[in-house]
Amino acid sequence: MAKIYPWLFFFIVIPISAQVQQKSFTVKFISAEIKIDGILDEPIWESAESADDFQQYFPSDSILAVQQTDIKMLYDDTNLYLGIKVFTEGNDYVVPSLQRDFRAGGNDNISIMFDTFNDGTNAFLFGSNPYGVRREALISGGGFNTDGFTTSWDVKWRGESKIYDGYYIAEWAIPLTSFKFNEGETKWRMNSYRFDTQTNETSTWMKIPQNQLIFNLAFMGDMVFEKGLGKSRTPLALIPYINTVSAKDFETDDNLNTFNFGGDAKISVGNSLNLDLTVNPDFSTVEVDNFITNLTRFEVALPERRQFFVDNNDLFASFGSSRDANPFFSRRIGIAEDIDGETVENGIIGGVRLSGKLDEDWRLGFLNLQTEEDMANEIASNNNTVLALQKKMFSRSNLSFIFVNRQTFKDYDFVEENDRYNRVLGLDYNLASADNTWVGKFFYHKSFARDIGEDDSSSGMDLRYNSRNINFGLRGNYVGNDFRSDLGFIRRTDIVAARPFIEYNFWPKKGKINTHGFQFFPSAIWRPTLDYQKTDYSIFSAWGAEFKEQQQVSLRMINRFTFLTDSFDPTGTEGALELPADVGYYYTAFGVEYQSDRRKVFSYSVEPQYGDFFNGTRFSLEGSMSLRLQPKVFLSLDLNYDKITLPDPFPSANIWLVSPRVNITFNKSIFWSTLIQYSNQRDNLGFNSRLQWRFAPLSDLFLVYNDNYFVNSFAPRSRSINLKLTYWLNI
């Protein structure tokens with residue numbers, strides 16, 4: 001690896017091409033009062049400069065938008081005001097729901113991104129639709145991929161929309177305390193994107209090539225403030241909660257009735273840092289995780305849903321390889337293994353989190369949480385600490401350091417000496433050129449624990465080139481056999497992996513296809529402790545196309561080889577004979593995927609696949625469908641079916657995962673959602689029904705009913721009803 005790095009450094013410092021012509025406009029300071037009503041009848045709006053001349057992003061990225069957008073901004077000492085006029089072909093809008101934080105694709109809406117530190121790395125996003133439903137998100141990692149788009153972030157702001165003949169107006173008032181910025185700042189970078197379903201057009205203020213994601217932060221203009229921004233006077237936010245649960249476990253015949261209370265506090269430290277405190281947090285979220293059919297030998301990472309971990313989450317969670325060796329995975333905190341080896345919830349006593357900007361070039365992240373002890377289940381109380389520092393380099397790159405520590409300070413008889421602490425030190429270099437043509441990551445991490453072996457490190461590289469026609473990447477990583485991160489996500493150790501890829505895209509000027517292309521993704525894994533024996537490889541070959549009417553189709557072939565070092569049953573059948581270890585399997589499969597136009601009232605996707613599977617065959621069918629009875633009712637169904645046929649005496653299985661969902665939004669404050677999940681792999685039929693009343697900004701009353709049954713016997717498994725109240729109070 002060391003011999004490769006000097007060659008890679010050439011790409012880090014190579015000259016980068018210039019961006020398209022820069023746009024800018026002035027944001028005027030005002031003292032007049034503005035009423036947020038979607039009318040824009042205050043005379044002061046006439047004096048505001050505009051961000052206009054939107055560029056088309058889809059179906060073409062080379063012309064001005066057919067349906068234009070005009071954005072005006074003003075500000076005073078406390079708020080940033082936006083008056084947005086969105087021109088449309090008519091008033092036949094697609095609005096699937098009245099619930100906040102809607103997904104942008106496939107419906108009518110506009111979003112605006114603010115890069116308040118002008119670093120092209122992080123941004124705040126605010127958006128709304130023609131009915132005045134709002135959304136907000138945090139963008140990290142330069143907007144290079146969807147992993148850096150977080151919609152679980154919440155902040156108080158006001159917004160109203162009003163529909164007129166041939167256009168709608170969105171009027172917003174965003175408190176300056178919702179942002180983080182340097183005191184005295186006179187310029188932010190900004191971009192906006194909108195979806196127009198009637199014209200079938202997506203457009204942006206600053207031109208973005210179609211080969212880049214629409215929220216990429218490399219392509220932004222300037223909003224110049226008439227006078228420097230003052231010191232942020234963010235109020236202290238207190239978010240107390242009470243939660244009462246009545247539950248029954250039918251397996252043990254235990255009844256549980258609990259009443260919990262606690263809360264969070266959010267404190268601004270200067271203009272750029274957030275201090276979050278939590279006491280007895282209720283991390284038993286009212287939203288359940290989606291079931292996943294897992295036919296692999298490895299653990300699956302589920303997304304973080306807890307608000308405490310959201311702000312500046314990229315400071316902590318973006319280290320290493322999310323696929324193979326992430327040194328910090330926040331969902332590890334709050335769970336533990338009980339005396340029977342089962343994964344159970346582990347209470348959190350409290351914690352602190354400090355994150356944000358230290359100055360123009362440095363960012364800081366510090367997190368410390370203490371978990372409860374559970375003597376009956378032999379679960380120790382642990383202190384969990386993460387420290388991250390990030391130094392900006394060049395235009396959009398950074399060098400990041402992380403320290404992770406999980407440690408128990410009490411001398412428990414049931415804790416082995418080598419489990420009393422685990423630490424990880426790591427260094428990552430994240431590359432992003434100014435125009436996002438080159439992106440990449442290079443990292444080295446080392447773990448520490450009592451009696452740990454010498455092969456205790458992980459390292460990797462991921463260098464990618466993005467252009468309109470050709471994309472390619474050199475990716476690889478190493479995870480030592482003794483590398484350990486108790487608070488991380490380590491899929492497996494003792495691997496050297498190589499995953500290059502190349503794809504070529506075509507952009508026809510005529511016809512129904514907007515773009516199509518070929519992809520070739522080979523990968524291979526070697527095991528160092530087995531004399532670098534190749535234990536896995538796959539060759540993914542595909543052709544995919546996106547149509548101008550937004551349908552998508554792809555054809556694919558996957559060639560695989562797997563050498564089992566341990567016996568394994570891919571069906572997960574209890575008591576079944578497992579495939580033997582020390583045997584290699586070659587297998588090839590073919591698949592098709594089709595996604596219909598999501599703008600339609602009824603949309604669907606279907607993905608059949610058939611081929612060899614280890615020493616047998618597998619037919620799989622994955623699909624989804626949705627019906628929009630806008631704007632109040634949204635019905636959807638997700639389906640996964642796998643028919644695995646292995647030769648005798650090995651097991652065969654039909655594995656089903658069926659997940660219907662009903663979302664009803666009575667208005668912008670009252671929502672009812674019901675999710676049913678049937679999984680015979682988990683032997684579980686689950687019902688989750690949640691009624692939410694948002695009685696004040698970011699303040700909610702939840703009534704949640706959960707019911708679980710065994711699949712085979714349809715006997716009850718567990719049942720609970722949960723009443724939770726949270727209130728966001730600014731002081």
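- No side-chain donor-acceptor contact under 3.5 Å links N481 and T529.
- No side-chain N or O of S603 forms a donor-acceptor pair with one of S596 less than 3.5 Å apart.
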Legend entry - Derivation of the ring-ring contact (aromatic ring centres under 6.0 Å, His included) call for Y429 and F443: CA-CA 6 Å; Y429 177 80; F443 69 89; over 10 Å; no
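- Atom NZ of K548 sits in a crowded spot, with more than 12 heavy atoms from other residues, nucleotides or ligands closer than 6.0 Å.
- For Y641 and W656, the ring centers sit closer than 6.0 Å to each other.
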Legend entry - salt bridge (Lys or Arg N to Asp or Glu O under 4.0 Å) evaluation trace for R717 with D683: CA-CA 10 Å; R717 191 173 196 168; D683 191 19; 5.2 Å; no
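- Between the side chains of T562 and Y587, at least one donor-acceptor pair of N or O atoms lies under 3.5 Å.
- Donor-acceptor pairing under 3.5 Å is recorded for the side chains of E503 and N471.
- The number of heavy-atom neighbours closer than 6.0 Å to CD of E251, taken from other residues, nucleotides and ligands shown, is above 12.
- In this structure, R682 is positioned above the aromatic face of F291, its NZ or CZ under 6.0 Å from the six-membered ring centre and within 45° of the axis.
- In summary, D707 and R719 engage in a salt bridge, as defined by a charged side-chain N under 4.0 Å from a carboxylate O.
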Legend entry - Check against side chain to side chain donor-acceptor pair (under 3.5 Å), N469 and S467: CA-CA 6 Å; N469 295 110; S467 71; 6.0 Å; no
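- Using a distance-only test at 3.5 Å, with no hydrogens or angles considered, no donor-acceptor pair links the side chain of N640 to the main chain of T293.
- Under the 3.5 Å distance criterion, the side-chain polar atoms of R628 are left unmatched by any main-chain donor or acceptor of F634.
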Inset, instruction - Step by step, work out the side-chain contact (heavy atoms from CB on, under 4.5 Å) result for L637 and R661. - result: CA-CA 6 Å; L637 173 68; R661 185 190 296 265; over 6 Å; no
Inset, instruction - Assess whether side-chain contact (heavy atoms from CB on, under 4.5 Å) is satisfied between F687 and Y709, documenting all intermediate values. - result: CA-CA 9 Å; F687 298 84; Y709 294 84; 4.0 Å; yes
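- Look at D101 and R135 and you find no salt bridge, because none of the NZ, NE, NH1 or NH2 atoms lies under 4.0 Å from a carboxylate O.
- Ring pair H516/F506 is parallel by interplanar angle, where below 30° counts as parallel and above 60° as perpendicular.
- Between the side chain of Q681 and the main chain of N294, a donor-acceptor pair closer than 3.5 Å is present.
- Taking the six-membered ring wherever Trp is involved, the centroid distance between the rings of Y465 and W438 falls below 6.0 Å.
- In this pair, F501 and F521 present their aromatic rings perpendicular. The plane angle is above 60°, beyond the 30 to 60° band.
- Side chain to side chain, T573 and T571 meet the donor-acceptor criterion of an N or O pair below 3.5 Å.
- In K643, the NZ atom is not crowded: 12 or fewer heavy atoms of neighbouring residues, nucleotides or ligands sit closer than 6.0 Å.
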Report, one line per pair, each donor and acceptor closer than 3.5 Å where one atom sits in a side chain of residues 607-621; sequence neighbours left out.
{"unit_1": "E607", "atom_1": "OE2", "unit_2": "R556", "atom_2": "NH1", "d": "2.7"}
{"unit_1": "R618", "atom_1": "NE", "unit_2": "D642", "atom_2": "OD1", "d": "2.9"}
{"unit_1": "R618", "atom_1": "NH2", "unit_2": "D642", "atom_2": "OD1", "d": "2.9"}

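- Classification of R484 and D486 as a salt-bridged pair holds, one side-chain N sitting under 4.0 Å from a carboxylate O.
- Side-chain atoms of T515 and N505 include no donor-acceptor pair closer than 3.5 Å.
- Donor-acceptor pairing under 3.5 Å is recorded for the side chains of N706 and N688.
- Using modelled atom types, no side-chain atom of N684 and backbone atom of S679 make a donor-acceptor pair closer than 3.5 Å.
- Using a 3.5 Å distance cut-off with no hydrogens or angles, the side chains of Q212 and N436 do pair a donor with an acceptor.
- A donor atom on one side chain and an acceptor atom on the other are not found under 3.5 Å apart for S652 and T645.
- Under the salt bridge (Lys or Arg N to Asp or Glu O under 4.0 Å) criterion, R560 pairs with no residue, sequence neighbours left out.
- Residues E201 and Q56 bring a donor and an acceptor atom of their side chains to less than 3.5 Å of each other.
- Nearest heavy-atom pair, V496 versus P528, reported as atom, atom and distance to 0.1 Å: CG2-CG, 3.9 Å.
- Side-chain atoms of R475 come within 3.5 Å of backbone N or O of R499 as a donor-acceptor pair.
- In this structure, the side chains of N107 and V95 stay at 4.5 Å or more apart for every pair of heavy atoms.
- Between Y444 and S459, the shortest heavy-atom contact is CD1-CB, 3.9 Å.
- Under a 4.0 Å N-O distance rule, the pair D536/R297 qualifies as a salt bridge.
- For the residue pair S689 and T674, a side-chain donor N or O sits within less than 3.5 Å of a side-chain acceptor on the partner.
- The closest side-chain donor-acceptor pair between S523 and S538 falls under 3.5 angstrom.
- Contact check for F149 versus L125: side-chain heavy atoms found under the 4.5 Å cut-off.
- Other residues, nucleotides and ligands contribute at most 12 non-hydrogen atoms within 6.0 Å of the CZ atom of R103.
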Legend entry - Chi angles and distances behind the salt bridge (Lys or Arg N to Asp or Glu O under 4.0 Å) call for K446, D456: CA-CA 6 Å; K446 183 176 178 62; D456 57 1; 2.9 Å; yes
